[in-house]
Participant: 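Have a look at this one before I ask anything.
It should be emphasised that the depicted structure is a prediction, and the values quoted were computed from it without experimental measurement.
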Amino acid sequence: MAQPRPAERPQTDLPRVALRAGMHRIDAQVAQTPEQRAIGLMWRRELGPNEGMLFVFEAPAVQCFWMRNTYIPLTAAFIADDGRIVNMADMQPLDDTSHCSREPVRYVLEMAQGWFGKRGIAAGFRLAGAPFGTR
């Protein structure tokens with residue numbers, strides 16, 4: 001099997017932040033530079049049971065995501081500065097369909113598809129953690 005070129009390797013060494021969704025803990029890698037956000041979860045073949053990626057933008061804006069070179073079905077939660085989930089989008093592997101926030105947001109949390117639903121988490125739910133000014 002051919003080894004992937006460096007540009008085709010998953011990001012696994014990003015800083016991490018602990019988030020909470022009620023009683024559920026999330027271990028999120030933090031993608032905060034343009035390059036880190038562009039790569040996101042590309043090339044990943046699996047995520048840990050409570051692992052995801054938090055995309056942090058400089059200012060609130062309508063954020064749009066797609067799944068180019070991403071092999072895991074994901075759900076994107078578009079999150080306001082206070083941790084409120086504005087809306088969510090289920091995204092299919094290797095699909096360039098754009099999924100956008102319904103209002104300007106500064107954060108997007110990608111988790112394995114089904115993670116939010118199994119825990120009864122939907123739009124309007126408020127996440128907690130340092131990025132949102134809560135513990």
Participant: With no hydrogens and no angle check, is any side-chain donor or acceptor of Ser101 less than 3.5 Å from a backbone partner on Pro104?
Facilitator: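 Absent.
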
Participant: For the atom pair CG (Asp82) and CZ (Arg106), what is the distance rounded to the nearest 0.5 Å?
Facilitator: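 If we round to the nearest 0.5 Å, Asp82:CG and Arg106:CZ are 11.0 Å apart.
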
Participant: Hey, any chance Leu19 and Ile79 share a hydrophobic cluster, counting ILVMFWY side chains that come within less than 4.5 Å of each other, even indirectly?
Facilitator: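 Per the 4.5 Å side-chain linkage, Leu19 and Ile79 are co-clustered.
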
Participant: Just to verify, what does Arg16 make a salt bridge (charged side-chain N to carboxylate O under 4.0 Å, His left out) with, not counting sequence neighbours?
Facilitator: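 Partners of Arg16 by the salt bridge (charged side-chain N to carboxylate O under 4.0 Å, His left out) criterion, ordered by chain and then number, come out as Asp27, Glu51.
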
Participant: So, applying side-chain contact (heavy atoms from CB on, under 4.5 Å) with Leu41, which one of Gln11, Met111, Gln29 is it?
Facilitator: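 For Leu41, the side-chain contact (heavy atoms from CB on, under 4.5 Å) test succeeds with only one of Gln11, Met111, Gln29, which is Gln29.
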
Participant: Output the distance between atom CD1 (Ile85) and atom CD1 (Ile121), rounded to the nearest 0.5 Å.
Facilitator: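 With rounding to 0.5 Å, CD1 (Ile85) is 6.5 Å from CD1 (Ile121).
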
Participant: To the nearest 0.5 Å, how far apart are CD1 in Ile72 and CZ in Arg44?
Facilitator: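 If I round to the nearest 0.5 Å, the distance is 6.0 Å.
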
Participant: I would like to know whether Tyr107 and Phe78 meet ring pair (Phe, Tyr, Trp, His ring centres under 6.0 Å); could you show each step before the answer?
Facilitator: CA-CA 6 Å; Tyr107 303 100; Phe78 299 95; over 10 Å; no

Participant: Give a yes or no on whether Val108 and Met67 share a hydrophobic cluster (residues Ile, Leu, Val, Met, Phe, Trp, Tyr; joining criterion: side-chain heavy atoms under 4.5 Å apart).
Facilitator: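 Yes: a chain of side-chain contacts under 4.5 Å links Val108 to Met67.
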
Participant: Compute both the distance and the angle, then confirm whether Arg45 meets the cation-pi test with Tyr71: under 6.0 Å from the six-membered ring centre, within 45 degrees of the axis.
Facilitator: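 Pair Arg45/Tyr71 counts as cation-pi.
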
Participant: Out of curiosity, Leu47 CG to Leu74 CG, how far, rounded to the nearest 0.5 Å?
Facilitator: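 Here the interatomic distance stands at 6.5 Å.
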
Participant: Atom CE in Met91, atom CH2 in Trp66: separation rounded to 0.5 Å?
Facilitator: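 Going from CE on Met91 over to CH2 on Trp66, the span is 11.0 Å.
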
Participant: Rounded to the nearest 0.5 Å, what's the gap from NE2 on His24 to NZ on Lys118? Could you check?
Facilitator: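 Interatomic distance, His24 NE2 to Lys118 NZ, rounded to 0.5 Å: 12.0 Å.
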
Participant: Charged N to carboxylate O below 4.0 Å: is that the case for Arg37 and Glu58?
Facilitator: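 A salt bridge is present here (some side-chain N lies under 4.0 Å from a carboxylate O).
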
Participant: Measure across Met88 and Phe116 and return the closest heavy-atom pair with its distance rounded to 0.1 Å.
Facilitator: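 Minimum heavy-atom contact is CE-CG, 3.0 Å.
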
Participant: According to a hydrophobic-cluster definition based on side-chain heavy atoms being under 4.5 Å apart (Ile, Leu, Val, Met, Phe, Trp, Tyr only), do Val30 and Ile39 belong together?
Facilitator: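 Each belongs to a different hydrophobic cluster.
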
Participant: For Arg102, I'd like to know if atom CZ has over 12 heavy atoms of other residues, nucleotides or ligands within 6.0 Å.
Facilitator: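 No, not enclosed.
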
